[in-house]
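Notes to accompany the following structure.
In what follows, every heavy atom counts, from backbone to side chain, and hydrogens, waters and symmetry copies are set aside. This structure is a prediction, so every number in the text was calculated from the model and none was measured.
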Amino acid sequence: ALAQSGTLIRVFGSNPCGDGQDKTINITIGSFNAVNIGSDRSSCAVDAVNLSAAFQGATNSVTWSVQGGTTTGTFSGTTANGNATTFTPNAAGTVLIRATTNKPSGSCNTATYDEFTLTVRPLPTVTINGSTTICSGTSANLTLNATPNTTITYNINGGSNQTFGVGGTGTTPTSFSFPTSVLSSNSTFNLVDVAYTAAPACTQTASGSATVSVNPAAVVNAGLDQSICSNSTATMAATFSGGATGGSWTTTGTGSFSNNNSPTAVYTPSPADISAGSVNLIFSSTGQSSPCIVVRDTMVLTISPAATV
């Protein structure tokens, strides 16, 4: 290969009749030029992007320019010349960025260029809603309106940070279900920040909260099973706690309570109860706050025939 200009080449023809007249050719080799500015990449909206160009051959400068896309932006400096610059996009979208070389002297005085596509991500967002009331020992479903494919950082009642990831497609904020864990007390879910799961993260501070109010579940105990004689009555020993403010007795038989709403009501079996030999007595909670439900507990009253002489 020829490496420098001014190389002389002597050319002549030759056959059995002898050599022909020779001729000398002067070869001039021009300096080539090239540039490499790297592959396609992504950035966050309004964030400045550092650009650099790798010169090759006779290249000693490049001019940066936007050649197309769905958005534009500005280069640092007034001429945007040189091997390095900073580009600040105006908005989210795509930008085709080009670096064009200078024209070298000599026969190869044609400028060349390299291009890459910059994808500018919109800044991620998230909001939370769905404040609600549940019963202790259950969970709630809150709603996040978030940019798809992001990770949301939040805390509960100002505690340690936790994360929740959402999928989806595109960049338009979308509604996502956010199920809580089982809760036993009032809990406020506070947003901290949101970031794309894959780089660049484009992390943004988030605000907003949703509160899950937790009502205590009702708890009742009908007491231990009892046995009585057919000519006796049974005194109940029920208890209630949690969200229950009281209780009420019912029977699967036909006997009667002295006071259906008293935990210590006295039950008098009916002839049908005595004949059956046993009856179920059920104590049900009352006074619990919605959405907590009525809870029940059952005790078995066994009735034996009275002794006869």
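S175 and T143 share no donor-acceptor pair across their side chains, judged by distance under 3.5 Å alone. A side-chain donor from one of S177 and N141 sits under 3.5 Å from a side-chain acceptor of the other. Judged purely by distance below 3.5 Å, without hydrogens or angles, the side chains of S131 and T211 never pair a donor atom with an acceptor atom.
Using a 4.5 Å cut-off between side-chain heavy atoms of Ile, Leu, Val, Met, Phe, Trp and Tyr, with links allowed through other members, V220 and I282 fall into different hydrophobic clusters. Y196 and L144 are not part of a single hydrophobic cluster, where members link through side-chain heavy atoms under 4.5 Å apart.
Closest of all the heavy-atom pairs between G242 and P216 is C-CB, 4.1 Å. In this structure, F87 and V66 approach most closely via the heavy-atom pair CE1-CG2, 3.7 Å. Here the closest non-hydrogen pair linking I293 and Q288 is O-CG, 3.8 Å. Counting all heavy atoms, side chain and backbone alike, I303 lies closest to V279 at CD1-CG1, 4.5 Å. Heavy atoms only, all atoms of each residue included: L123 and A45 are closest at CD2-O, 3.7 Å. Minimum heavy-atom separation, I152 to A146: CD1-CB, 4.2 Å.
At least one donor-acceptor pair closer than 3.5 Å links the side chain of D273 to the backbone N or O of G255. Looking only at distances, no side-chain donor or acceptor of W64 sits under 3.5 Å from a matching main-chain atom of F75. Under the 3.5 Å distance criterion, the side-chain polar atoms of T70 are matched with a main-chain donor or acceptor of T94. Side chain of N215 to main chain of S290: a donor-acceptor pair is present (N/O by atom type, distance under 3.5 Å, no hydrogens or angles).
Relative to the ring axis of F116, R41 places its NZ or CZ within 45° and under 6.0 Å from the centre.
With rounding to the nearest 0.5 Å, the separation of CG in L301 from CD1 in I228 is 4.5 Å. Taking CZ of R98 as the start and CG of D114 as the end, the distance is 10.0 Å to the nearest 0.5 Å.
Ring-plane geometry between F240 and F283 is classed as tilted, the angle between the planes lying from 30 to 60 degrees on a 0 to 90 degree scale.
Atom CZ of F164 has more than 12 heavy atoms from other residues, nucleotides or ligands within 6.0 Å.
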